[in-house]
Amino acid sequence: MKTCQLLLCLGLWVACTVSKPTEKKDRVHHDPELSDKDHDDAQNFDYDHDAFLGAEDAKTFDQLTPEESKGRLGMIVGKIDLDNDGYVTEGELTAWIKKAQKKYVYDNVERQWQEFDLNQDGLLSWDEYRNVTYGTYLDDPDPDNSFNYKQMMVRDERRFKMADKDGDLIATKEEFTAFLHPEEFDYMKDIVVLETMEDIDKNGDGLIDLEEYIGDMYNHEGDANEPEWVKTEREQFEEFRDKNHDGKMDKEETKDWILPSDYDHAEAESRHLVYESDQNKDGKLTREEIVDKYDLFVGSQATDFGEALVRHDEF
């Protein structure tokens, strides 16, 4: 059994429960921007390329001829059209963009999957995960650390069961992704909130009071002078986090804090792409409509060369 898996879990556990004196811990989950480039279609479509493909995959299209780019884009359209009705809707495009932006998540899961799926049947049982992660502890329990390991195993099993939609304690790769990255899945948000509250709630009343909230972010360690950001966080708690002003955050208030309803960048981009490509204005795209506007969705040697000319002219 690999001790590295157990050490990783213990490290994550410690990271969630210990903070440096002046280092602010951020528990809020925000959706990142789709690209670090400016969204200015009058100049170029670089932002749209990054949004549609992910920044790394977008670079690969810049080496293709226009015809090669169109061909690969046409194949991608088939993957986006989930119901195979011949049309790409805003919803399907939004789902595709979100998946492209989370490629790092799926790459991480792919790497770990090989370590956990011991019998290589394409499924992962709780027993397989437990044995790889906690096998060393189960074989030879250490009394000094047994409490932490037991806690972590109970917590992992609860999260595994939540991710396992059909309740058979056997996870598909998608369910395992939800287990490892619960913040990325709507049906896992309750477990994210529960685990966060358990980390912060030191008196075990199922709520988060002001001192627990601050204590999770900042460790005084005898320092009487709080940093300015700590004072700001106290004000944030009293004015905005604790919505009913009872001095504590309950489950819903904690959810509003750590999982805010951010602006949906993927949804906005899908609306933009449909608006720009929908020639007959029926609110959905055919393969032909997308490929006709291929330079909006993907790059090529032609678009890369054109942008190089623009940069040269500006210079």
Side-chain angles (χ1 to χ4, degrees), residues 6 8-32 102 105 126 129-130 133-134 145-165 167 169 171 175-221 226-227 229-262:
L6 191 55
L8 174 61
C9 282
L10 184 58
L12 291 172
W13 179 277
V14 171
C16 286
T17 54
V18 177
S19 60
K20 295 179 182 178
T22 57
E23 182 179 298
K24 181 179 178 180
K25 183 188 298 181
D26 187 9
R27 291 194 178 268
V28 181
H29 299 278
H30 291 290
D31 285 333
K102 305 299 182 186
V105 168
W126 164 248
Y129 177 82
R130 182 191 60 192
T133 306
Y134 298 103
N145 293 319
S146 62
F147 179 68
N148 275 348
Y149 290 153
K150 284 180 181 177
Q151 275 189 309
M152 287 189 295
M153 192 158 57
V154 168
R155 183 162 161 151
D156 272 356
E157 184 174 11
R158 181 181 64 190
R159 188 195 285 191
F160 193 97
K161 289 179 176 177
M162 179 72 77
D164 173 31
K165 288 185 172 181
L169 284 181
E175 289 170 336
F176 187 55
T177 304
F179 168 73
L180 291 179
H181 299 275
E183 70 283 354
E184 305 292 347
F185 292 80
D186 286 340
Y187 80 98
M188 294 293 289
K189 287 184 176 179
D190 283 347
I191 202 74
V192 175
V193 174
L194 178 60
E195 290 178 0
T196 301
M197 294 189 75
E198 288 176 344
D199 289 342
I200 302 175
D201 173 25
K202 301 305 180 186
N203 63 13
D205 66 351
L207 301 166
I208 299 174
D209 62 34
L210 176 58
E211 293 312 310
E212 289 170 332
Y213 174 80
I214 295 298
D216 178 63
M217 301 179 181
Y218 172 71
N219 187 348
H220 289 268
E221 289 195 350
E226 289 184 344
W229 67 262
V230 176
K231 297 175 183 177
T232 300
E233 283 298 336
R234 289 185 182 276
E235 295 171 0
Q236 288 285 318
F237 181 93
E238 293 170 346
E239 295 179 23
F240 303 107
R241 309 278 186 244
D242 176 21
K243 297 182 185 298
N244 62 4
H245 302 296
D246 65 350
K248 299 181 179 182
M249 284 198 298
D250 58 23
K251 178 181 174 181
E252 288 304 313
E253 289 167 330
T254 302
K255 185 175 183 179
D256 288 342
W257 166 43
I258 66 171
L259 297 169
S261 299
D262 287 342

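This one's a predicted model, so the numbers in the text were calculated from it and none came from an experiment. The analysis underlying the following values was restricted to heavy atoms, covering all of them including side chains, and did not include hydrogens, waters or symmetry mates.
- Residue Glu252 holds its CD atom at 15.0 Å from CH2 of Trp257, rounded to the nearest 0.5 Å.
- In this structure, the side chains of Ile200 and Thr254 stay at 4.5 Å or more apart for every pair of heavy atoms.
- To the nearest 0.5 angstrom, Phe185 atom CZ is 12.5 Å from Phe179 atom CZ.
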### Task
Give the C-alpha distance, both sets of side-chain angles, the deciding distance and a yes or no for side chain to side chain donor-acceptor pair (under 3.5 Å) between Asp242 and Tyr213.
CA-CA 11 Å; Asp242 176 21; Tyr213 174 80; over 6 Å; no

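- The heavy-atom pair separating Leu169 from Asp164 by the smallest distance is N-OD2, 2.6 Å.
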### Task
Under the salt bridge (Lys or Arg N to Asp or Glu O under 4.0 Å) rule, what do Arg234 and Glu211 come out as? Steps first, then yes or no, please.
CA-CA 9 Å; Arg234 289 185 182 276; Glu211 293 312 310; 3.0 Å; yes

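- Using a distance-only test at 3.5 Å, with no hydrogens or angles considered, no donor-acceptor pair links the side chain of Glu212 to the main chain of Asp201.
- Nearest heavy-atom pair, Met197 versus Gly206, reported as atom, atom and distance to 0.1 Å: CE-O, 3.2 Å.
- Residues Asp156 and Tyr129 approach most closely at OD2-OH, 3.3 Å, considering heavy atoms.
- Among all heavy-atom pairs drawn from Trp126 and Met153, the shortest one is CH2-O, 3.7 Å.
- Looking at Trp229 and Met217, their side chains come closer than 4.5 Å, going by heavy atoms from C-beta outward.
- A salt bridge links Lys161 and Glu157; the closest N-O separation between the charged side-chain nitrogens and carboxylate oxygens is under 4.0 Å.
- The two residues Tyr187 and Ala163 come nearest to each other via the heavy atoms OH-O, 2.7 Å.
- Under the 4.5 Å side-chain criterion, counting only non-hydrogen atoms from C-beta, Glu183 is in contact with His181.
- Between the side chain of Glu175 and the main chain of Lys165, a donor-acceptor pair closer than 3.5 Å is present.
- Residue Ile208 forms a side chain to side chain contact (heavy atoms under 4.5 Å, CB included) with just one option from Met249, Arg241, Lys251, Glu253, and that option is Met249.
- Under the 4.5 Å side-chain criterion, counting only non-hydrogen atoms from C-beta, Lys202 is not in contact with Asp216.
- One distance of note links CG of Asp250 with NZ of Lys255; it measures 12.0 Å at 0.5 Å rounding.
- Side-chain contact between Gln151 and Asn148 is present, with at least one heavy-atom pair separated by less than 4.5 Å.
- Looking at Lys102 and Thr177, their side chains never come closer than 4.5 Å, going by heavy atoms from C-beta outward.
- With sequence neighbours excluded, the residues forming a side-chain contact (heavy atoms from CB on, under 4.5 Å) with Ile191 are Arg158, Arg159, Met162, Pro182, Met188, Leu194, Glu195, listed by chain and number.
- No side-chain heavy atom of Met152 sits less than 4.5 Å from a side-chain heavy atom of Thr133.
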